[in-house]
2 protein chains.
Amino acid sequence: MEKDFRQYSESADLLKAMAHPVRLCILRGLMQKGDCNVSHMQHCLDLPQSTISMHLQKLRAAGAVEGVRNGLEINYRIKNDTIKGLLHCLFPE
Amino acid sequence: MEKDFRQYSESADLLKAMAHPVRLCILRGLMQKGDCNVSHMQHCLDLPQSTISMHLQKLRAAGAVEGVRNGLEINYRIKNDTIKGLLHCLFPE
DNA sequence: TCAGATTATCGTGATATATTAATTTATTGA
DNA sequence: TCAATAAATTAATATATCACGATAATCTGA
């Protein structure tokens, strides 16, 4: 437990990006499904488009997911292996 | 990605408890050291006692750690196996 | 029971995060 | 180029979290 806890900021930011029910749901969905576009998430989660988009923006900023455009849609998928590991810890089954 | 993302609240709360540099530092220290009292953390992290105590309170509320009193001191240790798994994912070495 | 040591809680100002309607940007097909 | 669709951004408000001094509570030895 050294004094420079500042080195933990990066990990903390990754956890912070995951630490929301909607974002966890999105991440787990991506884990199982492989990828998904925003409209589909919006339909599944029954939340406004801007809300979904904001959550994706947070996940993107943290390097957790990336989006690949396919025509009008953008397909998101998990980008980060640490995220996958953490999801396996949280949802083993 | 089902509509009831509310089921993810519990996991999100656990992650939220971990998602802070100081708390991550404390948790990792407890992981390596086994247990630790508040004064020692305070000395190591060079933060006010109330700040440390507040962070420990958050970790306790989330079920991440538990404290065992030993005289004047209270020794904290990790209570939750999911936490241990998550820490292993974050800090493999 | 009193003093000293250790930890917890309270109060509060500062900072960060969440939500969502409205708007903007990007892309495609007609 | 226009209209329609998909997604991102903006802006405003509401809510939550952070840091930390001050204070309270708990325990022990004298």
Side-chain angles (χ1 to χ4, degrees), chain A residues 1 3-6 8-10 12-27 29-30 35-77 79, chain B residues 1 3 5-6 8-27 29-30 35-77 79:
Chain A
M1 207 178 300
K3 187 172 293 189
D4 61 333
F5 51 78
R6 281 155 281 266
Y8 292 97
S9 295
E10 201 180 337
D13 286 343
L14 194 65
L15 291 174
K16 223 181 294 185
M18 295 178 72
H20 187 287
V22 170
R23 295 199 291 273
L24 263 187
C25 189
I26 288 172
L27 287 172
L30 291 178
D35 64 359
C36 188
N37 62 57
V38 180
S39 300
H40 188 244
M41 296 181 201
Q42 183 182 347
H43 180 255
C44 288
L45 300 173
D46 195 25
L47 289 170
Q49 179 265 325
S50 59
T51 302
I52 302 287
S53 197
M54 275 299 210
H55 283 302
L56 286 170
Q57 140 70 18
K58 280 204 187 298
L59 290 172
R60 210 158 5 99
V65 304
E66 64 184 350
V68 177
R69 187 177 275 278
N70 177 26
L72 287 180
E73 302 173 350
I74 296 180
N75 278 57
Y76 279 91
R77 61 185 174 210
K79 187 185 179 182
Chain B
M1 203 180 302
K3 186 173 293 191
F5 51 78
R6 281 155 280 267
Y8 292 96
S9 295
E10 200 181 336
S11 301
D13 286 343
L14 195 64
L15 291 174
K16 223 182 294 185
M18 295 179 73
H20 187 288
V22 169
R23 296 199 289 272
L24 264 187
C25 189
I26 289 172
L27 287 172
L30 292 179
D35 64 0
C36 189
N37 61 57
V38 180
S39 300
H40 188 243
M41 295 182 202
Q42 183 182 348
H43 180 255
C44 289
L45 299 174
D46 194 24
L47 288 170
Q49 179 267 325
S50 61
T51 301
I52 301 287
S53 195
M54 194 257 281
H55 283 302
L56 285 170
Q57 141 70 22
K58 278 199 189 304
L59 291 171
R60 207 156 11 96
V65 303
E66 63 184 351
V68 178
R69 186 176 277 277
N70 177 26
L72 287 179
E73 302 174 348
I74 296 179
N75 278 61
Y76 279 92
R77 62 185 173 209
K79 187 185 179 182

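Just so it is clear: chains get the letters A, B, ... in the order the sequence lines come, proteins before strands, and each one is counted from 1. Computed over heavy atoms, backbone and side chain alike; hydrogens, waters and symmetry mates excluded.
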Take the protein atom [atom1] of [X] and the nucleotide atom [atom2] of [N], then report the distance between them rounded to whole Å.
X: B/Asn70; N: C/dT7; atom1: CG; atom2: P; answer: 10 Å
X: B/Ile74; N: D/dC27; atom1: CD1; atom2: C1'; answer: 10 Å
X: B/Leu47; N: D/dG21; atom1: CG; atom2: P; answer: 11 Å
X: B/Gln42; N: C/dT7; atom1: CD; atom2: C1'; answer: 10 Å
X: B/Lys16; N: D/dA16; atom1: NZ; atom2: C1'; answer: 8 Å
X: A/Met54; N: D/dA7; atom1: CE; atom2: C1'; answer: 13 Å
X: A/Ile52; N: C/dA21; atom1: CD1; atom2: P; answer: 13 Å
X: B/Leu56; N: D/dT17; atom1: CG; atom2: C1'; answer: 17 Å

Quick one: on DNA chain D, does A/Leu72 or A/Arg60 contact a more 5' nucleotide (nearest heavy atom)?
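It is A/Leu72, whose closest nucleotide lies nearer the 5' terminus.
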Below 4.0 Å: OP1/OP2 of [N] and any side-chain N or O of [X]:
X: A/His55; N: C/dT19; value: yes
X: B/His20; N: C/dA16; value: no
X: A/Lys58; N: C/dA18; value: yes
X: A/Tyr76; N: D/dA8; value: yes
X: B/Ser39; N: C/dT6; value: no
X: A/Arg23; N: C/dA18; value: yes

Can you give me the closest heavy-atom contact between A/Tyr76 and A/Leu56, atom names plus distance?
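It is CE1-CD1, 3.7 Å.
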On the side chain of A/Gln49, is there an atom forming a donor-acceptor pair with the base of D/dA8 - under 3.5 Å, no angle test?
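Such a pair exists between side chain and base.
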Relative to the 5' end of DNA chain C, which residue comes earlier, A/Ser50 or A/Ala19, by the nucleotide with the nearest heavy atom?
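Of the two residues, A/Ala19 wins.
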If you define the side chain from C-beta out and look only at heavy atoms, does anything of [X] sit under 4.5 Å from [Y]?
X: B/Arg23; Y: B/Met18; value: no
X: B/His20; Y: B/Ile26; value: no
X: A/Lys58; Y: A/Met54; value: no
X: B/Glu73; Y: B/Asn75; value: yes

A/Asn37 side chain: which of C/dT17, C/dT7, D/dA7 is closest?
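So the nucleotide nearest the side chain must be D/dA7.
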